[in-house]
J.: 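Before anything else, here's the structure in question.
We're numbering straight along the sequence, starting at 1. Please read all numbers here as calculations on a predicted model, not as lab measurements.
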Amino acid sequence: MVHSIPEFTLNDGLKLPAIGLGTYQLKGIDGVRAITNAIDIGYRLLDSAYNYENEGTVGEAVRRSSVPREQLFITSKLPGRYHEYDLAVTAIQESLYRANLDYYDLYLIHWPNPKQGKFIEAWQTLIDAKKWGLIRSIGVCNFLPEHIEQLEKETGVKPSINQIELHPYFNQAEQRKWHAEHHIQTQSWSPLFRGVELLENDTLQTIAKKYNKTVAQVILRWHYQLGSIAIPKSASFERQKENIEIFDFELNETDMETISSFSRPDGRRKNQDPAVYEEF
């Protein structure tokens with residue numbers, strides 16, 4: 001069964017599926033099979049990155065899939081070591097060569113790396129790459145409002161999307177509110193916290209039982225109702241299928257608030273604060 005997925009419209013007009021597949025650590029033939037399976041059951045948004053070293057795997061899955069390329073939305077990300085303009089141009093080209101694609105639907109700056117202070121130069125590269133037809137929509141990951149304000153001030157172009165760490169232990173309420181006010185789509189990485197701790201939470205298990213759903217489905221539905229695009233990663237066909245079956249029920253306001261209440265100031269998984277974290 002192929003699942004129908006709602007869409008969110010970005011500020012540049014591109015429509016993205018309301019849930020996607022994270023592909024981190026999906027590599028080689030096993031990765032190709034996992035991604036192809038996901039496409040077969042309805043996933044259309046595939047999230048990769050230059051630093052995941054699996055753009056080739058994603059591209060091969062796209063070629064093996066029976067779904068036309070134009071019906072898929074493929075994301076990759078620019079690493080911090082290539083923020084300088086000329087380096088960024090080459091990196092984007094390399095991303096496309098690795099995946100054997102003519103264009104990416106979405107290309108993001110992976111981290112702002114504020115100590116380097118070159119993210120505006122990287123952003124200008126993405127703006128130009130979009131003009132050249134290499135990218136359909138451009139965005140960022142892990143950018144704080146102050147970083148995005150700098151981008152718009154210097155270039156006049158704001159990101160279509162900001163992919164941030166977002167899960168019940170770190171609900172990013174203020175950042176999400178800022179995104180909404182500035183018409184920037186929120187996307188959630190690590191939406192299930194990448195661990196059993198959240199899935200074994202007693203309160204979440206009680207909520208899941210009420211809706212006859214799994215805890216993972218409840219959490220992913222929470223993301224959707226927050227207005228964020230979650231990109232859970234799974235190599236398991238059954239888990240992929242479970243993760244996408246979240247559009248046939250709705251969490252009530254009380255349950256939404258309960259899930260959001262788990263958030264804590266130190267809720268980041270690895271203490272990767274974009275104000276200081278550097279990724280290369």
Side-chain angles (χ1 to χ4, degrees), residues 1-24 26 31-48 58-59 61-76 101 103-106 108 136-137 139 160-161 163 166-167 176 179-180 183-192 199 204 207-253 255-256 259:
M1 177 183 177
V2 176
H3 297 274
S4 178
I5 301 174
E7 296 175 325
F8 288 115
T9 302
L10 306 186
N11 60 26
D12 57 10
L14 182 68
K15 294 183 178 181
L16 284 186
I19 193 168
L21 179 75
T23 69
Y24 178 63
L26 298 182
V32 170
R33 291 187 185 118
I35 296 167
T36 304
N37 285 340
I39 295 171
D40 286 344
I41 60 173
Y43 286 87
R44 295 293 178 264
L45 174 60
L46 309 174
D47 181 85
S48 182
V58 172
V62 169
R63 283 188 293 281
R64 294 191 184 196
S65 165
S66 60
V67 175
R69 164 68 183 96
E70 60 270 18
Q71 293 180 20
L72 298 171
F73 300 86
I74 305 169
T75 304
S76 197
L101 296 173
Y103 66 92
Y104 276 101
D105 299 275
L106 192 62
L108 315 175
R136 294 179 68 197
S137 186
S160 62
I161 201 165
Q163 186 184 119
L166 204 171
H167 44 73
R176 287 187 290 104
H179 287 169
H183 308 290
I184 295 169
Q185 176 64 49
T186 302
Q187 191 171 39
S188 311
W189 64 261
S190 197
L192 300 174
L199 301 181
L204 286 174
I207 293 173
K209 188 175 182 180
K210 179 169 71 173
Y211 293 96
N212 195 29
K213 291 287 182 178
T214 67
V215 171
Q217 287 172 323
V218 163
I219 296 170
L220 293 172
R221 178 70 196 193
W222 172 79
H223 284 274
Y224 172 62
Q225 289 182 218
L226 289 178
S228 186
I229 299 173
I231 44 169
K233 186 214 87 174
S234 181
S236 160
F237 179 77
E238 289 304 317
R239 191 66 58 81
Q240 290 174 353
K241 187 170 176 291
E242 173 188 318
N243 289 346
I244 210 171
E245 292 176 343
I246 62 167
F247 302 108
D248 58 351
F249 76 108
E250 184 173 358
L251 297 169
N252 65 38
E253 188 174 340
D255 291 332
M256 285 292 294
I259 297 169

J.: Kindly indicate whether the side chain of Arg69, heavy atoms from C-beta on, has any atom under 4.5 Å from the side chain of Leu101.
T.: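 Sidechains of Leu101 and Arg69: in contact.
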
J.: Are Leu14 and Thr9 close enough that some pair of their side-chain heavy atoms sits under 4.5 Å apart?
T.: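 When only atoms from C-beta onward are counted, Thr9 and Leu14 do not touch, as no gap falls below 4.5 Å.
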
J.: If we only count heavy atoms from C-beta on, is the Ile161 to Phe8 side-chain gap below 4.5 Å?
T.: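 A side-chain contact is absent here, since even the closest heavy-atom pair is not under 4.5 Å.
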
J.: Can you establish whether the number of heavy atoms outside Arg136 located under 6.0 Å from its atom CZ is more than 12?
T.: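 Counting neighbours around CZ of Arg136, more than 12 heavy atoms of other residues, nucleotides or ligands fall under 6.0 Å, so yes.
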
J.: I'd like to know whether CD of Gln71 has more than 12 heavy-atom contacts from other residues, nucleotides or ligands below 6.0 angstrom.
T.: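 For Gln71, atom CD is crowded (more than 12 foreign heavy atoms under 6.0 Å).
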
J.: Going by the salt bridge (Lys or Arg N to Asp or Glu O under 4.0 Å) test, which pairs reach into residues 211-235, not counting sequence neighbours?
T.: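 Residue pairs with at least one partner in residues 211-235: Lys213-Asp248.
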
J.: Calculate, to the nearest 0.5 Å, the distance between atoms CZ and CD1 belonging to Phe237 and Ile41 respectively.
T.: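 Those atoms lie 5.0 Å apart.
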
J.: Before accepting this row, confirm whether a basic side-chain N of the pair Asp255/Lys210 lies closer than 4.0 Å to the acidic partner's carboxylate O.
T.: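 Here Asp255 pairs with Lys210 in a salt bridge, since their nearest N and O are under 4.0 Å apart.
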
J.: Determine whether a donor-acceptor pair (N or O, by modelled atom type, separation under 3.5 Å) exists between the side chain of Thr23 and the backbone of Leu26.
T.: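 Checked: no pair found.
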
J.: Quick check: do Lys241 and Glu245 have side-chain heavy atoms less than 4.5 Å from each other?
T.: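 Yes; the side chains approach each other to less than 4.5 Å.
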
J.: Are any non-hydrogen side-chain atoms of Asn37 and Tyr43 less than 4.5 angstrom apart?
T.: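 SC-SC contact between Asn37 and Tyr43 ruled out.
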
J.: Locate the shortest heavy-atom distance separating Asp105 from Ile74; write the atom from each residue and the value.
T.: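 Distance-wise, the nearest heavy atoms are OD2-N, 2.9 Å.
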
J.: Tell me whether the rings of Tyr224 and Phe247 are parallel (<30°), tilted (30 to 60°) or perpendicular (>60°).
T.: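 Tyr224 vs Phe247 ring planes: perpendicular.
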
